[in-house]
Amino acid sequence: MTNADIASTLEQIADLLEYLGENPFRCRAYRAAARTVSGVTEPLAELRRDGGPGLAGLEGIGADLAGRIAMLIETGRLPLLDELKAQVPAAAADLLRVPGLGPKKARLLIDQLGIDSLESLEQACRDGRVAAVKGFGEKTQHAILRKVAFARDPQRRRLLWKDADDIARDLIEWMRRCPQADRVEGAGSWRRGRDTVGCIRMVVASQSPAAVIDHGIAWPGAAAVLERVESATRLRGPKDTEIAIVVVTDVAFGAAMVVHTGSRAHTDRLRECAEERRLVFDARGVVPIGGEERPATSPPSRSSATEEDVYANLGLAWIPPELREGRDEILRAEDRRLPALVRLEDIRGDLHMHTTESDGDAPLAEMVRVAISRGLEYIAITDHGPRVSMANGLGPERLLAQWEEIDRLNASLAAAGPPPIVVLKGVEVDMLEQGGLDLPDDLLSRADWVVASLHYGQQQPGTQITARIIEAMEHPAVGVIGHPTGRLINRRPPYEVDMDAVIAAAARTGTFLEINANPWRLDLHEIHAAAARDAGVGLVISTDAHSTAGLDLMRCGVLQARRAGCSAADVVNTRSLRELRALMKRDGSRRG
Ligand SMILES: [Zn+2]
Ligand SMILES: [Zn+2]
């Protein structure tokens, strides 16, 4: 059981308590505990095993709650949750999955309109019955209708890429310990770096498929065997994930990797390419048309041991997995026009992160120390402005004090020669609901780096949201728009924002757009990032780290940029600080 699982269980209990009209302090205690648990980087299960002060030592978690969490970790269940569930209508749990629909509103809808499912809620919105309930109105009804569709979307059952990555790495490591496995690689949408993953696929080269499959089934993460055939198996893994393990011969390994990595659209087009060359290919290799009827044990007649071999047989250059979506990558591979994709090693700076001054977990000095150890040449400290009072956002006075601290830190880093890192004085300023920013212009003009983000008024109509973002881009101090669409994968849809207009305004004003690397956000996603790049907009990949561990999420943002087909030149934080400053709209000449 991961910390995220524990946190979501605690959150669910709080929702149900609130639904039942229980003591508000009790509800709040569960919510606070959920927040604490999701902020702990070390798995709670291990904290407990180590026998130290354990769970009760965590902020806001008393003996009673610690006991319940311990039971949850040990048994995977909590009687309290079952008791609460028995007391509320079944539809309540479904309604609470609609983002922004809290327990109080859900109860009103169930009690007054007899809503018993997401379908009936959707119908009630369409009939205008929701707007008629006291305290709802047209605007709320519109917002609920949009989000019901989101809550019903089956895509939401896919795992976040980062969660799939944890599972995939664990399984790869396990499979590589199988003595009969000659090669083991992960494939599927995990390898393509998609923002979410439905099924984790493994390809194994071996002469003994039965032994490999036995080994796979014995993986401690395997909860159930869904299917087993001679050379493949499907398992139910952690978090209800589907796992597929395919065993092939060494000589067909490349073909199997191509088949099991590409999207359906990609592999369909490859089959067309093969047909044009009087070839067929499947997971057993590439052969002339007619040759696919061969016995399963006979080797393919065209070299299929590596992916390069397979693509070469089809007259194509090897295509990076992130591009195998069936868009224009095959034409480009034919003409040898594939881009050299940006790599994690190309990233030289991180321009969005928080410290304990706002809602981060680590103080400034600690963030800087870890950023140095990660080899970054520059970072920007961008705590929240005052509008985000919930996150203890900084007003002018506290911000200036932080900037003085950064000046002192930079001076001490440079005292003994060239500094290992330069720390930029930045801020994540809020685009206010009625327009404007939450810090004065004279202050922003003194910042080295300004991220402008939208955290409030996300329900506004698209025209208003778009206008707020464009207004911010026209501000001379704003360097980049943070998480431009506001989506939280599986949790919250993007704002109703006109991205074509935002991208055009970014190009016109010289404002960069962010690819936020947080696995929940990945915002811009690949399609918008590609459109921005094509419009000549500079992209910034940022971690938006709220802890030192958060700095390691850069790879998730890099994957998204790779899926957009971006090379290092398209991403401005692959440049040196001097080059970056020259690219900023308020260019570096003033600063020298
Ligand atoms: Zn933000
Ligand atoms: Zn942020």
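Indexing begins at 1, ligand by ligand and atom by atom, following the structure's order.
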- Query: Hey, are the side chains of Ile381 and Trp403 touching, using non-hydrogen atoms and a 4.5 Å cut-off?
  - Reply: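 Not in contact.
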Taking side chain as C-beta onward, heavy atoms only, is Arg374 less than 4.5 Å from Met554?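 With C-beta onward as the side chain, the pair stays apart.
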Note to self: Is a donor from one side chain sitting under 3.5 angstrom from an acceptor on the other, for His483 and Asn518?
What the structure shows: no
Donor-acceptor side-chain pairing of Gln458 and Arg492 below 3.5 angstrom =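 Yes - a donor-acceptor pair under 3.5 Å links their side chains.
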For this session: Quick one: which residue pairs count as a salt bridge (charged side-chain N to carboxylate O under 4.0 Å, His left out) with a foot in residues 382-403, not counting sequence neighbours?
Result: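 Found Glu357-Arg398, Arg387-Glu433.
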Listed as residue and atom, the protein N/O/S atoms under 2.8 Å from the Zn ion (ligand 2) are His352 NE2, His354 NE2, Glu428 OE1, Asp544 OD1
**Request:** Using the salt bridge (Lys or Arg N to Asp or Glu O under 4.0 Å) rule, take Lys239 and Asp5 through it: C-alpha gap first, then chi angles, then the decisive distance, then the call.
**Result:** CA-CA 9 Å; Lys239 293 181 181 254; Asp5 296 331; 3.7 Å; yes
